[in-house]
J.: 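Shown below is the structure under consideration.
As the structure is a prediction and not an experimental result, all values here were calculated from the model.
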Amino acid sequence: FDIEGMTCAACSTAVEKAVGKLDGVKEVNVSLLTNSMEIVAEDGLDPSSVLSAVEKAGYSGRQKKAEEKSHRPNPNQIIDDEIKSLKHRLKVSLPLMLVLMYVAMGHMMKLPYPSILEGNSGALIYAFSQFLLALPVLYVNRRYFQSGFKALGHKNPNMDSLVALGSMAAVVYGIVAIFMIGYGLGYERLDLVEKYRHDIYFESAAMILTLITFGKFLEARSKKKTTEALDKLIDLQPDKVRVIRNDQEEMIDLADLLEGDLIKIIPGERIAVDGIIVEGRSSLDQQAITGESLPVEVGQGDKVISGSLNKNGSFIFKATQVGSDTTLSKIIELMEEASYSKA
């Protein structure tokens, strides 16, 4: 299943608990990295009951189609999208937060400060300008409120719930303070103006949201580094191969390669599939697969491993394992499984 709305470990735990309570479910594995869930269950379990349990926990989901099940989501693409979103939010939030901090605290730091914002006469402009600066920060980071309050409503509070409650409390109290300042100025209650002028916390709300977003950005970058190995493995597999069919050489897509095809390898090419050399000799750099630092000499009758790099010499080999059966494909599958699941 694909699961939407998860933002932290508490979310994935809530989904696991909700689905795990269903009759017939033997094992539940939810991945926050890929926003996916795999379950092991007895025959007869209705997928709609699983989706219903997910929705009751405060999240949404869909069952994967049959053709999708063999293709796990690429963690790198998911993280790239997350980083792009977080960058956009930071570009909006950070400058506005700094301006907001200046408006709120510039006079305390003895910085040059507009007189229109000072004293009781400027209290309303002082408060309302902070509110306007905080609004875009609240909007671009609205995901915290959507996720946090939704989780709270389903009695599964998560980290976003804490962020949403903290920042919203500051905003609501700030709005109350604006009304009280306006009331005080209108009815000449300067004591109220003085009191609530010092009770503006819009900068706190903006800082909470900005710093949490920055933390999530650093976390996403860290996740990106852990999944780059998968891309490097995939890059070891060439997209096209040179085959010999009817005594003619032709370049074909790797997906069109058949078991038993004869493949010609020239210096500098990577081997796409596993096979046995039928003609020629060469030396292969296999360290990406085996860890051997020195090239290995191979000749007729020797096995070759997918992902190996041909150093010098040309040879022809017969494909014995193609598609998902190759050594490299199995390693990639294991890496995807590790990214998808939890240890």
Side-chain angles (χ1 to χ4, degrees), residues 5 7-8 10-11 58 85-218:
T7 58
C8 65
C11 301
S85 172
L86 290 167
K87 272 185 179 179
H88 170 70
R89 287 155 60 182
L90 279 176
K91 285 178 181 179
V92 175
S93 302
L94 194 56
L96 287 172
M97 186 201 74
L98 294 174
V99 175
L100 183 51
M101 293 296 292
Y102 169 75
V103 173
M105 299 182 176
H107 59 288
M108 301 179 192
M109 296 182 245
K110 308 298 181 185
L111 296 174
Y113 201 71
S115 58
I116 195 173
L117 300 175
E118 294 183 317
N120 290 340
S121 59
L124 193 58
I125 298 176
Y126 170 76
F128 195 66
S129 60
Q130 291 184 53
F131 174 64
L132 293 178
L133 286 168
L135 276 180
V137 180
L138 294 169
Y139 178 75
V140 296
N141 293 293
R142 62 192 179 279
R143 182 177 176 182
Y144 295 121
F145 302 103
Q146 294 168 343
S147 169
F149 288 128
K150 185 178 180 181
L152 202 59
H154 287 85
K155 299 179 181 179
N156 287 312
N158 54 22
M159 191 183 86
D160 287 353
S161 303
L162 183 63
V163 174
L165 285 172
S167 53
M168 186 56 72
V171 170
V172 170
Y173 191 78
I175 292 173
V176 171
I178 291 176
F179 275 99
M180 295 306 294
I181 290 171
Y183 176 84
L185 290 172
Y187 289 89
E188 297 184 356
R189 291 284 306 276
L190 296 183
D191 58 321
L192 287 177
V193 177
E194 182 67 23
K195 172 180 171 19
Y196 285 100
R197 183 179 178 276
H198 296 289
D199 283 355
I200 308 293
Y201 297 105
F202 293 118
E203 86 284 352
S204 299
M207 180 170 280
I208 288 171
L209 295 172
T210 303
L211 291 182
I212 293 294
T213 300
F214 182 62
K216 284 185 174 289
F217 173 70
L218 294 179

J.: Please say whether more than 12 non-hydrogen atoms of neighbouring residues, nucleotides or ligands are located less than 6.0 Å from CZ in Phe149.
T.: yes

J.: Would you compute the distance between atom NZ of Lys216 and atom CG of Asn141 and round it to the nearest 0.5 angstrom?
T.: 11.0 Å

J.: Could you tell me if the side chain of Thr210 sits less than 4.5 Å from the side chain of Arg89, heavy atoms only?
T.: no

J.: Taking Asp191 first and then Lys195, would you say they form a salt bridge - that is, a charged N and a carboxylate O separated by under 4.0 Å?
T.: no

J.: What I'd like to find out is whether the side chain of Ser93 reaches to under 4.5 Å of the side chain of Leu209, using heavy atoms alone.
T.: no

J.: Hey, what do you get for CG (Asp160) to CD (Gln146), rounding to the nearest 0.5 Å?
T.: 10.0 Å

J.: Going by atom types alone, do Ser161 and Tyr144 pair a side-chain donor with an acceptor below 3.5 Å?
T.: no

J.: Would you mind reporting whether Leu192 and Ile181 have side-chain heavy atoms less than 4.5 Å apart?
T.: no

J.: Val92 and Val137: side-chain contact (heavy atoms from CB on, under 4.5 Å), yes or no, with the steps?
T.: CA-CA 7 Å; Val92 175; Val137 180; 5.6 Å; no

J.: What is the minimum heavy-atom distance between Gly174 and Ile200, and which atoms define it?
T.: O-CD1, 4.4 Å

J.: Apply side-chain contact (heavy atoms from CB on, under 4.5 Å) to residues Leu138 and Met168 and explain how you reach the verdict.
T.: CA-CA 9 Å; Leu138 294 169; Met168 186 56 72; 5.9 Å; no

J.: I want to check something: taking the side chain as every heavy atom from C-beta on, are Glu203 and Met97 in contact at a cut-off of under 4.5 Å?
T.: no

J.: Side-chain contact test, heavy atoms from C-beta onward, threshold under 4.5 Å: evaluate it for Tyr113 versus Met108 and give yes or no.
T.: no

J.: Measuring from Glu118:CD to His107:NE2, what's the distance to the nearest 0.5 Å?
T.: 8.0 Å

J.: Check whether any side-chain heavy atom of Pro157 lies under 4.5 Å from a side-chain heavy atom of Leu162, and answer yes or no.
T.: no

J.: Enter the distance from His154:NE2 to Asn156:CG here, rounded to the nearest 0.5 Å.
T.: 8.5 Å

J.: Cation-pi check for Tyr187 against Arg189: NZ or CZ below 6.0 Å from the six-membered ring centre and within 45 degrees of the axis, yes or no?
T.: no

J.: A side-chain contact here means heavy atoms from C-beta on lying under 4.5 Å apart; do Phe145 and Ser167 qualify?
T.: yes

J.: Please give me the minimum heavy-atom distance between Ser129 and Leu117, naming the atom from each residue.
T.: OG-CD2, 4.1 Å

J.: Over 60° means perpendicular and under 30° means parallel, so tell me whether Phe131 and Phe202 are parallel, tilted or perpendicular.
T.: tilted

J.: Between atom CG of Asn120 and atom CG of Leu185, what is the distance when rounded to the nearest 0.5 Å?
T.: 7.5 Å

J.: Quick one: do Gln130 and Tyr201 satisfy side-chain contact (heavy atoms from CB on, under 4.5 Å)? Show the steps, please.
T.: CA-CA 9 Å; Gln130 291 184 53; Tyr201 297 105; over 6 Å; no

J.: Looking at side-chain heavy atoms only, is the closest gap between Val171 and Ile175 below 4.5 Å?
T.: yes

J.: Using the rule side chain to side chain contact (heavy atoms under 4.5 Å, CB included), only one of Val163, Leu152, Asn158 pairs with Ser147; which is it?
T.: Asn158

J.: Quick check for you: to the nearest 0.5 Å, what is the distance between Phe179 atom CZ and Leu124 atom CG?
T.: 10.5 Å

J.: Using the six-membered ring of Phe128, assess whether NZ or CZ of Arg197 lies under 6.0 Å from its centre and within 45 degrees of the ring axis.
T.: no

